[in-house]
Amino acid sequence: MGSMTVEQVAEAMYALVKECHGKRNLRATDLTKAMIDKIGAESCDKQMCKEAIRLLVDGGRCTYAYLGGSYIVLPPETC
Amino acid sequence: MCPAPAKRKTDIGAPHYDKFLPPIIKRNYGNWRHHELPRPGVVVHVAESGDKLYSVRAGSPRLLSIETLRLFAAIADEFSDGYLRFTSRNNVEFLLADPAKVDPLIARLKQEGYPVGGTGASITNIVHTQGWVHCNSAASDASGVVKSVMDELLPYFESMTLPARLRIAFACCLNMCGAVHCSDISILGMHRRPPKINHATLAKNCEIPTTIASCPTGAVRPATVDGKPSLEIIEEQCVLCGNCCAVCPSMSLNDPGDGISIWVGGKVSNARREPMFSKLAIPYLPNNPPRWPEVVSAVKNLVEVYAAHARRFERMGEWIERIGWPRFFKLTGIEFTKHHIDDFRHAGESFKRSVHLRRPPA
Amino acid sequence: MTEKKPTPLLDNLEAGPWPSFVKELKKSAKSPMVQDLLGVLERSYEDKMGHWKHGGLVGVRGYGGGVIGRYNELAREFPDAAEFHTVRINQPAGWFYTSDVIRTLCDIWERHGSGLTNFHGATGDIIFLGARTSEIEAVFGELIEAGFDLGGSGSCLRTPSCCCGMARCEWACYDTMALTYDLTQTFQDELHRPSFPYKFKIKSSGCPNDCVAAIARADLSIIGTWRDDIQVDRTAVTQYAAGGQIDIAADVVARCPAGCMTWDGRSIGIDNESCVRCMHCINAMPKALAPGKDRGATVLVGGKATILGGALLSSVLVPFLRMEPPYDDLKELIRAIWDLWGDHGKNRERVGEFIQRIGLGNFLEQIGLDPQPEMVAQPRTNPYISYEPKEGRP
């Protein structure tokens, strides 16, 4: 893999979730495709995206939601 | 911003089954020779070693309180050294190495109100869903219908006198959380009116493009209602699948006119005839709680006609294939209607495309 | 304190010989949640409609599966049943328990929930029915300490499930419980963190009788079978013939779907080349006949119920696969399916529907399997063949 770290992919992913918040819900596959398109397949792959999602969710910056399918969204305001 | 949470234990998975197997099973794992059905509700598995395992099967309502689970645990302690299991059809089974305890166990289960049976050529427990107890998309209650039907069919649970096993399944909507699409008799909750839309909450609760995309027939269209973005349903295109309601909680199919349909002749086993889907017998019966008498009598009629006419080892679907659908409708007294003729995708596959007719009507 | 309301319609269902779910509800009714649940359900029995809403953000931290949000639309009237979430828990393979572990689960659920359960849910999980959002983390923590973890929901893998296989059945053609345990542990991430277009179910049956309905209910159905000859115990056949409980000519030979059996009144003949391994003769004479010794499984793909494009039975993907740990071939196949379906499946499109959309031939090519005649009931009858561009050149 190229120069991107999982942390950097996670940051780019988080920015996208934030940008789409309230407009469009994103699935794990949407995020993965968007990151590979944005960063390029030479620097980012599915496994990195998987780890980046886990980093965001385990760290509490994103959470899963269910609306007839599973989406990755910003958590509610309360801690 | 919230502080990052502490790391913790996750992803441990299921406990290993080995911890819960009785010694007789551990000793004979993979080395069973044959089994016998000495009486309803009792299966004896004989190992190559000569060991015999007695499984005693009792019906349960699937919805179990922890009080009842503790009762099962106490019964297991008393009769089966604490070992028990559940079947794929929600029966509870006690696993005994000591044949002397079989009769006292059966007496105890009956005394506690749990009938023993469901083995061999019987009607075993009805696989079912959550219904009005707990489900957002239920067109009927599951537990109430199942209880009412099983109260009536209990003699078939407690005996092994049918031509073959007869599997009944209940699902409270077309999502069919249960193998109702491949059961001898399927009881299926049906909605009959297109979704109702809560226009006040839709824009907040639902993604409009996702909801439109969820419709298999293009019946969900964007609309503006009271100045707010919302959706509308082209009623004549709607097939009542409920997929839009699953992605958009501001839409609901639930209606007092919901009811129940009955399907017959499906099976999952490969024995003899290949697995097959259940086919429509009765398109609609009303929800009539608490006892659903129309459904109970329809199911009972199907069981009785099948029991009287099928040959040994013939499942419901195999019997119907032998006698033909016209005779099935005649024998059961069920009316054949326009709704019985498929009009969804690949509908033509179910049309009769030969003149192989058994004694055509006058 | 929730006021106890009369439930005359439900009370009617306490009577009768079949075990009553209303009695179960009432046994748990010291929980105010269940007291209000009774009220909600009585209302449904009065107005003939359900009153539940689904979805939302409820779950344990880090997981996207395992907890299903349920909210009651009569919350103002029945506040203690306002939140009534489902917790799905990985069942031990084969659904075997000890009384001790049952009591451990009951104690956890008494401390943190309604006290209502399903043994088991339609997918095979242990179900705890009725948790408040505030209790979810506590339930999870105690379950983990007791050695249990959550099952799948949403766009996750579901907890694999199986028949009791070699633990109790002489017909098991492979160790269904060992496989199910292994797959459950191997795919924890897919179980807990939704990454698919929609749900994915794996069910394993030890023989073609398919006691867990794998062919109808699973996206991947693993059904035991054998390659060599049916084992025949001639002495036992004679005993069946003399016993009179079964008419070998009518009940066994005439019912063979392959027409591959003969019976001359003394000995049974089987043309094993023509046998379709349906199990009927073995089921009918369990002491005399048994599956062969060269055992494994047929792997099938695509089974599902109606929603959305109509019900499908799984169809053959690998006619025969040996089922031995570490099951690398099977896992590689599963990962290849997930990879392709994950890239190209639409939202809420099950893998069976995906295969119908792209074509089984294309699907096989993409996951690296060769087409085999065992995969179809018959070759195509329509001539709309999509030739590859390179095939079209002279």
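Proteins get letters first, then strands, A, B, ... in listed order; numbering begins at 1 in each.
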Item checked: Separation between OH of C/Y63 and CG of A/D58, rounded to the nearest 0.5 Å -> 9.5 Å
Notebook entry, point to check: Can you tell me how far OG of C/S195 sits from CD1 of A/I72, rounded to the nearest 0.5 angstrom?
Noted result: 9.0 Å
Next item on the list: Side chain from CB out, backbone as N, CA, C, O: work out which of these in C/D343 comes under 4.5 Å of a heavy atom of chain A, or both, or neither.
Entry: both
Notebook entry, point to check: Passes side chain to side chain contact (heavy atoms under 4.5 Å, CB included), C/R193 versus A/V57? Steps please.
Noted result: CA-CA 10 Å; C/R193 295 173 191 83; A/V57 173; over 6 Å; no
Item checked: Shortest non-hydrogen contact between C/L57 and A/A65, atoms and distance -> CD2-CB, 3.5 Å
Check: How long is the span from the NZ atom in A/K46 to the CG atom in C/D339, to the nearest 0.5 Å?
Finding: 3.0 Å
Notebook entry, point to check: Are A/Y64 and C/P194 side-chain neighbours, meaning at least one heavy-atom pair lies under 4.5 Å?
Noted result: yes
Checklist line | Euclidean distance, A/L67 CG relative to C/N347 CG, rounded to 0.5 Å | finding: 10.0 Å
Item checked: Heavy-atom pair of closest approach, residues C/E190 and A/K50 -> OE2-NZ, 3.3 Å
Margin query: Is it true that, when you exclude A/Q47 itself, more than 12 heavy atoms of the residues, nucleotides or ligands shown sit nearer than 6.0 Å to its CD?
Written below: yes
Note to self: Strictly distance-based, threshold 3.5 Å: is any side-chain N or O of C/R61 a donor or acceptor partner for the main-chain N or O of A/G60?
What the structure shows: no
Item checked: C/K331 atom NZ: more than 12 heavy-atom contacts under 6.0 Å -> yes
Check: Do A/S70 side-chain atoms and C/S155 backbone N/O form a donor-acceptor pair below 3.5 Å?
Finding: yes
Checklist line | Rounded distance [0.5 Å steps], NE2 in C/H192 versus CZ in A/R54 | finding: 10.0 Å
